[in-house]
Amino acid sequence: MLAQELKYIRDAGLYRSFRTMESASDAQVQVESQRLIMCASNNYLGLANHPELMDAACNAIRRFGTGSSGSRLITGNTQLHDELEAALSRFKKTEAAIVFNTGFMANLAVLSTLVKDNDVIFSDELNHASIIDGCRLSRAHVVVYRHNDMADLEDKLIQHVQTRRQSNPGAEAQSFRALIVTDGVFSMDGDIALLPKIVELAERFKAWVMVDDAHATGVLGTHGGGTADYYGLPAERVHVQLGTLSKALGAEGGYVAGSQVLIDYLRNRARPFIFSTALSPGVVATAKAAMELVEREPQRRTRLQDIARSVREGLTLLGFRVLPGVTPIIPVIIGDPQRAVDFGRRLEAMGVFAPAVRPPSVPAGTSRIRLTLMATHSDEDVHRILDAFARIGSELEVIA
Ligand SMILES: Cc1ncc(COP(=O)(O)O)c(C=O)c1O
């Protein structure tokens, strides 16, 4: 059975296997003896091997050891964990924050803890897998709205919230919770959620808003605070701001920032928080040092935006179908999965690491090369990336 399914996956060109990195995550990496320009990492600001972060990790390990040796509520909580959460709430301008072991776990935790089977979740159709799984775990009624389509969201809120409240004046119908959840920056398309409109609709329908800033933390907003920061929305209008420490912050772990009562509730009720060993001291110290750098060096964000703009413009001028946006996630649509894989292999032969992304990560027919850029890419790197795309695009007749 399993072997048969694997054969099906192989035949469909969707088989996945590892690539092995032989150097630190940087703008250029060593992959299986080859030096390549890295265009597929989430290390947006180039912090994952920054000397300050590595020093912070080493110092923390020397002082607190390598493992935390217990869950936060038993023995795993250190001064570093407390400091990281305090720094996160300052960074996100919220009353409080809590860290989880991964962003994936944070989504599972929040959705399964805050939302119950009588409640309703409105979820963008392109939300990350961890949101989808969190929705399933909550057992709430899940209503999927079309990607970033605010008219569709409004229609669905009318249908599932307004009508339910109006048609049933009983206490049960009045007390259910409605929650709208969206990625801040969509991981595969690289566009940004229309958060001000979502917040407006949420206030009208008395719903909660939850935003997953995995790809926005450190990247979007004047202070790198994420999607709310990008739109200048005050923190109290976005009930749950979730994110990961593993992308632009170059560490590992997930976080939730929000009101004190929300964070206290999660600390007391969220099973993935209560029943899992705390993040290790080295990782916690790394994330904290990264946040200091993000605030101190806004030029990293500016450089990232400039590079992303040049590559987008360059690819569009060459004739590629590039999904519109302003973030460092640049999807170049190829279509067929095998052709996308072939494109990725040829890029690699020309020194650019940007493997194809295929279903089920993206919808059928939209297999793509998903470039992610870093503040530490040089102008020469950008030139080489565009040159490789031009040559392979012509060879495979993706461009005229
Ligand atoms: C939108 C989104 N949410 C959550 C996650 C999960 O974060 P982590 O890798 O920290 O588990 C990811 C990353 O893969 C993501 O892209």
Side-chain angles (χ1 to χ4, degrees), residues 16 18 21 25 40-45 47-48 84-85 88 92 97-112 121 123-138 144 147-148 179-195 198 209-220 226-228 230 238 240-257 266 270 272-273 276-280 282-284 286-288 290-291 323 325 327-331 355 357 360-362 368 370-374:
R16 290 153 187 256
F18 294 132
M21 304 292 138
S25 174
S41 136
N42 298 315
N43 184 16
Y44 297 116
L45 300 176
L47 298 185
L84 174 61
E85 287 173 347
L88 273 164
K92 299 293 289 187
I98 183 169
V99 293
F100 293 84
N101 288 357
T102 64
F104 201 109
M105 270 170 77
N107 269 323
L108 295 189
V110 172
L111 291 163
S112 64
I121 302 176
S123 176
D124 187 291
E125 66 180 331
L126 292 193
N127 276 344
H128 188 257
S130 53
I131 295 181
I132 297 170
D133 288 3
C135 288
R136 288 180 183 146
L137 209 56
S138 76
V144 176
H147 175 53
N148 248 346
L179 177 124
I180 306 170
V181 58
T182 181
D183 278 15
V185 172
F186 288 87
S187 51
M188 290 299 138
D189 282 16
D191 52 343
I192 305 174
L194 303 174
L195 200 57
I198 292 177
V209 177
M210 167 170 166
V211 64
D212 177 344
D213 270 342
H215 296 273
T217 307
V219 173
L220 282 191
T227 315
Y230 175 75
V238 184
V240 184
Q241 294 194 58
L242 178 149
T244 175
L245 308 170
S246 65
K247 300 188 193 292
L249 298 183
E252 198 178 292
Y255 71 83
V256 175
L266 290 172
F273 178 80
S276 191
T277 300
L279 282 172
S280 65
V283 159
V284 175
T286 307
K288 191 169 153 275
M291 271 174 358
L323 296 187
T327 71
I329 301 175
I330 306 182
V357 180
S361 303
V362 294
R368 62 195 68 182
R370 173 182 171 271
L371 290 170
T372 53
L373 300 174
M374 294 163 61

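Excluded from the calculations below are hydrogen atoms, water molecules and symmetry mates; all remaining heavy atoms, backbone and side chain alike, are included. Residue indices begin at 1 and follow the sequence shown. Read the numbers this way: they start at 1 and go in the same order the structure lists the ligands and their atoms.
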Would you tell me whether T217 and D213 have side-chain atoms, one donor and one acceptor, within less than 3.5 Å of each other?
no
Residue and atom name of the nearest protein heavy atom (relative to atom 3 (N) of ligand 1), distance in Å to one decimal:
D212 OD2, 2.6 Å
Which pair of non-hydrogen atoms, one from V283 and one from E252, has the smallest distance, and what is that distance?
CG1-O, 3.2 Å
Decide whether an N or O pair under 3.5 Å exists between A214 and ligand 1.
no
Listed by chain and number, what are the side-chain contact (heavy atoms from CB on, under 4.5 Å) partners of L108, not counting sequence neighbours?
F104, D133, L137
What do you reckon, does V185 have a nitrogen or oxygen under 3.5 Å from a nitrogen or oxygen of ligand 1?
no
Taking I180's backbone N and O only, do any of them form a donor-acceptor pair with S123's side chain (distance below 3.5 Å, no angle check)?
no
M105 and ligand 1 - part of the residue with a heavy-atom distance under 4.0 Å
neither
Within a distance under 4.0 Å of any heavy atom of F104, pick out the atoms of ligand 1 and give their elements.
6 (C), 7 (O), 8 (P), 11 (O)
Can you sort out which atoms of ligand 1 are near D183, meaning under 4.0 Å from one of its heavy atoms?
1 (C)
Does the Q241 side chain pair with the main chain of V211, one donor and one acceptor, at a distance under 3.5 Å?
no
Protein heavy-atom partner closest to atom 8 (P) of ligand 1 - residue, atom, separation in Å
G103 N, 3.4 Å
List for me each residue that meets side-chain contact (heavy atoms from CB on, under 4.5 Å) alongside A106, sequence neighbours excluded, and say none if there are none.
F100, L242, V256
Indicate whether any N or O donor in one side chain lies under 3.5 Å from an N or O acceptor in the other, for H147 and D191.
yes
Heavy atom under 4.0 Å from ligand 1: found in E252's side chain, backbone, both, or neither?
neither
Which residue and atom name correspond to the protein heavy atom nearest atom 13 (C) of ligand 1, and how close is it?
K247 NZ, 2.6 Å
Whether S246 lies under 4.0 Å from ligand 1, heavy atom:
yes
For atom 16 (O) of ligand 1, the protein heavy atom that lies nearest, with its residue and separation
H215 NE2, 2.7 Å
Just checking, any donor-acceptor pair under 3.5 angstrom between side chains of N127 and D212?
no
Quick check against the 3.5 Å criterion: does N101 have a side-chain atom that pairs as donor or acceptor with the backbone of T277?
yes
Find all atoms of ligand 1 within a distance of less than 4.0 Å from any non-hydrogen atom belonging to S130, and give their numbers and elements.
3 (N), 4 (C)
Shortest protein contact, atom 5 (C) of ligand 1 (heavy atom only):
H128 CE1, 3.5 Å
